[in-house]
Amino acid sequence: MDNLIHDILDNDLLFGKDKEELIVGAYQLSDTHIRLFFRREGSVLYRDDPFYPFFFLSEETVLSGFVPEDKKKFWLVRLQGNNFYQYLAIFSSWKTFRAGLDFINAKKITTARMPGDSGHEDESSLTYSKGDAVTQYFLQTGKTLFKGMLFDDVHRLQLDIETYYKPGRRDQGKNERFSDEIIIVSLSDNRGMEVVIHSRNCSEKELLERVVETISRMDPDVIEGHNIFSFDLPYLQRRCDQHGVSFSIGRDGLVPKTYPSSIRFAERSLDFTFFDIPGRHVVDTLFLVQSYDVSKRSLQSYGLKAVAKHFGFASPHRTYIDYEDIASTWDTDHEKLLAYALDDVIETRELSGMLSGSNFYTAQMLPYTYAMTSRLGPAAKIEALFVREYLRQKHSLPKPSSGQQYMGGYTEVFLKGILGPVVYADVESLYPSIMLSYDVCPKSDALRVFPVVLRDLRDLRFKAKHLVTEYRNGKNTALADNFDAMQGSFKILINAMYGYLGFQGGIFNDFSEADRVTSTGQSIARKMIAEFESRGCRVIEVDTDGILFIPPPGVTTEEDERKLVNEVSGRMPDGINIGFDGRFRKMISYLKKNYALLDYNNRMTVKGSSLSSRSNEKFGRDFIRKGFETLLAENIAGLHDLFMDYRRKIMDHELDIAEFSRSETLKSTPEQYLEDVRAGRRAKSITYELVLRAGGGFSKGDRITYYISGSGASSSFFDKGRLASEWNRSKPDENTAFYLKRLDEHCQKFLPFFKPQDFSTIFSADTLFAFSPEGIEIIRETRNISPETAGNNDIL
DNA sequence: AGCTGTGGCAGGGAGG
DNA sequence: CCTCCCTGCCAC
């Protein structure tokens with residue numbers, strides 16, 4: 001158990017099919033044998049067998065911990081995958097894959113189960129075939145795990161297509177979208193190859209043939225693209241079909257298999273068609289970006305160009321062409337379009353290089369392929385680590401417990417208003433630290449794997465981080481980056497372990513342990529508050545593991561502040577450390593989880609859904625931001641001017657569609673929405689009504705950008721939505737009354753900082769008298785009276 | 001086909 | 001008007 005993770009790294013456990021009687025997992029024991037785990041009558045048995053595709057029964061072993069009469073207590077592994085044979089033919093690298101093939105050929109094995117078999121009939125009903133079919137099937141199902149390899153050593157190819165867009169056609173709906181011709185396919189790889197194949201001098205059919213030939217010749221391990229599952233691959237496949245070109249981009253000339261799949265990012269989920277390319281892994285960088293944004297929440301758009309700019313690897317000489325202009329650019333300046341297409345794949349390469357590394361190293365720890373790992377959520381990965389260790393120790397697995405978690409983080413605002421100076425301190429890795437220091441372990445974890453995995457992951461991360469520093473100092477950037485990606489993969493798993501405890505479907509879930517983690521977190525937060533207060537700090541806000549406070553008068557320099565934080569950190573329980581995490585000149589404290597911070601370089605950051613949300617109109621976000629800056633500068637006349645400026649722009653239709661449109665993500669299918677509305681399960685909504693009226697062309701996961709049209713501030717607007725693309729600058733029909741109402745709603749954010757009378761003077765257009773800030777005072781500080789605090793006051 | 005958690009705010013439809 | 005409830009988005 002000491003070397004759990006290393007053991008995991010050295011063995012391949014692969015999951016099988018989720019059916020009643022069959023194989024639930026397998027190790028690759030050696031080049032010639034695998035160990036198969038299978039279940040029968042409630043228990044898990046295993047046997048060691050010669051290599052797939054043949055296996056013979058040897059002795060069966062019952063796993064420990066299983067109580068046959070107590071079926072409720074133990075359950076067998078919850079399985080993944082759609083065809084366990086597919087998973088059995090997974091090898092550590094393409095080299096061992098070839099060795100397996102040679103093994104089959106050397107032994108002259110001529111029978112195998114064929115693709116399409118459901119795989120769970122009894123032996124007598126199996127379909128066997130001869131000769132080449134074995135080889136074919138072997139290849140068809142083959143995947144590599146990249147055990148022990150460095151990310152840089154794997155051959156990754158990036159792919160992007162451009163189509164000749166005929167205006168008006170795409171808007172007809174999804175079914176029409178394959179009618180455009182492919183004019184450019186750009187390819188690059190991580191070994192410096194960059195090519196653009198285009199149809200300037202050849203037919204589309206010849207273009208497609210060259211693409212298939214090029215990919216086969218390059219023979220990459222991984223194919224990457226931005227939105228590749230929903231656009232590039234299905235498009236290429238469709239056009240190949242139409243031209244009678246074999247879409248054989250898999251290894252050994254095999255064609256991809258497709259099946260519908262879906263992926264979830266926090267609260268949103270989206271459907272896509274998964275492309276399983278034999279012998280290769282497909283990675284969609286759009287998924288990587290969205291997954292990244294779940295924790296960072298820093299991206300405005302998930303489009304390739306926007307992301308490249310955000311991360312700072314967009315070339316300053318990069319060619320930009322609007323979507324609608326692709327066809328005309330192709331006609332007038334095709335060299336420019338070729339440059340544009342090449343920039344796309346180069347940016348995809350950069351993006352993947354930055355975000356893929358941690359998935360790559362996670363895959364080396366898990367019984368999932370690299371492509372699978374890059375699409376899986378964190379809970380599945382955690383569970384896989386546990387299941388793998390249980391099967392290795394030949395122990396049966398528990399069943400998920402039912403119930404729910406009751407507690408979460410502690411959040412409180414003590415002071416509101418305009419405050420400063422401010423220090424931000426936070427408990428380092430609060431939940432993982434608690435789980436380690438307070439010996440948290442699910443009650444169903446009979447082997448007590450949970451704390452061991454957590455500790456090992458932490459130690460491994462520490463070692464990996466150490467290596468990053470070492471290689472950075474030694475100027476070995478490539479190796480440093482690799483180890484940075486590796487420590488990142490450990491970090492993701494460490495942070496996911498708490499969430500897993502409260503996960504309904506987790507077989508090792510334990511809601512009371514999850515509650516123990518959060519309630520311990522709450523008392524640590526309270527202790528932290530008390531310690532800072534007793535040193536003369538005035539606490540502004542606490543949220544879960546972080547605290548914002550005004551240091552006492554004597555503490556003025558950063559050094560003083562750090563010393564203070566250190567002192568409090570020393571007073572915390574063993575294993576719990578508080579770190580200094582920033583200092584600010586001023587802060588606007590508005591509500592829980594909603595505030596603005598002004599640093600010592602006078603840069604302001606705004607946090608919270610009520611102050612800066614992507615679902616708000618851009619003009620509203622700008623108004624609040626500028627308003628807060630003005631407020632921090634205590635410029636009252638400036639606030640009034642700002643309000644008047646926006647009011648005039650709205651009334652004179654001076655705002656551009658980008659400033660007053662709103663965007664929302666479709667979280668269910670339009671059909672599901674209709675169904676729910678009919679059943680009275682949900683109310684009507686502008687976005688879905690809009691999509692239904694547009695008649696197709698939109699699906700789950702799409703972002704709808706719309707505005708409110710018409711006139712009059714009626715009480716409901718669900719039928720007044722228009723797509724942003726329908727807006728006409730020369731005939732602006734946005735609903736002025738609605739947007740003035742929205743402006744007023746945004747003004748409400750400034751209400752707490754003024755007396756009611758002053759507030760209405762500043763944010764009104766009364767022209768009877770010229771506006772004067774005379775006599776208006778900013779309310780600098782309000783003590784927040786929460787129910788809890790109010791109770792304490794009564795006692796006092 | 002696969003799935004990490006709670007806490008908090010805003011907006012809008014529905015119905016009294 | 002108001003409250004209730006749902007959805008969407010965000011902090012941690």
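Not measured: the values here are computed from a predicted model. By convention in this document, chain letters (A, B, ...) are assigned in the order of the sequence lines, proteins followed by strands, and residues within each chain are numbered from 1.
Listed by chain and number, the residues in a side chain to side chain contact (heavy atoms under 4.5 Å, CB included) with A/D284 are A/N227, A/I228, A/F229, A/L286, A/F287 (sequence neighbours excluded). Judged as a side chain to side chain contact (heavy atoms under 4.5 Å, CB included), and not counting sequence neighbours, the contacts of A/E428 are A/N577. Shown here are the side chain to side chain contact (heavy atoms under 4.5 Å, CB included) partners of A/K416, two or more places apart in sequence or in another chain: A/V413, A/S589, A/L591, A/T782, A/N784. The side chain to side chain contact (heavy atoms under 4.5 Å, CB included) check on A/E659 picks up A/F619, A/L655, A/D656, with sequence neighbours excluded.
A/E745 comes within 4.0 angstrom of the backbone, heavy atoms only, and of no base. Residue A/F511 is out of contact with every strand shown, counting any heavy-atom pair closer than 4.0 Å.
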Taking only N/O atoms, report every protein-nucleotides 6-9 of chain B pair under 3.5 Å with atom names and distance.
{"from": "B/dT6", "atom 1": "O3'", "to": "A/G408", "atom 2": "N", "distance (Å)": "3.1"}
{"from": "B/dG8", "atom 1": "OP1", "to": "A/K592", "atom 2": "NZ", "distance (Å)": "2.8"}
{"from": "B/dG8", "atom 1": "N2", "to": "A/S609", "atom 2": "OG", "distance (Å)": "3.1"}

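Helix-axis bend for the helix from B/dG5-C/dC12 to B/dG16-C/dC1: the local axis fitted to the five terminal pairs at one end deviates from that at the other end by 0°, rounded to 10°.
Aromatic ring orientation, A/F272 versus A/F274: perpendicular (interplanar angle above 60°, classes split at 30° and 60°).
In this structure, A/R375 does not reach the B/dA1 phosphate: none of its side-chain N or O atoms is under 4.0 Å from OP1 or OP2. Considering only side-chain N and O atoms, A/R662 lies under 4.0 angstrom from the phosphate OP1 or OP2 of B/dG12. Put simply, A/K741 has no side-chain N or O that comes within less than 4.0 Å of OP1 or OP2 on B/dG11.
For A/A379, taking side-chain heavy atoms from C-beta onward, the closest of the listed nucleotides B/dA1, B/dT4, C/dC9 is B/dT4. Checking C/dC12, B/dG12, B/dC3 against the side-chain heavy atoms of A/K607 singles out C/dC12 as nearest. Checking C/dC10, C/dC12, B/dG12 against the side-chain heavy atoms of A/T544 singles out C/dC12 as nearest. Of the candidate nucleotides B/dG5, B/dG2, C/dC12, B/dG2 has the atom nearest to the side chain of A/M372.
Without hydrogens or angle criteria, A/Q405 side chain to A/F503 main chain gives no donor-acceptor distance under 3.5 Å.
Tested against A/F750, the residues A/F628, A/F643, A/Y590 include a single ring pair (Phe, Tyr, Trp, His ring centres under 6.0 Å) partner, A/F628.
Contact annotation: the side chain of A/M435 approaches that of A/L501 to within less than 4.5 Å [non-hydrogen atoms, C-beta and beyond].
A/N509 and A/S401 share a side-chain donor-acceptor pair at under 3.5 Å.
For A/Y706 and C/dG8, the OH to P distance is 11 Å, given to the nearest whole Å. Atom pair A/F229:CZ and B/dG2:P shows a separation of 13 Å (rounding to whole Å applied).
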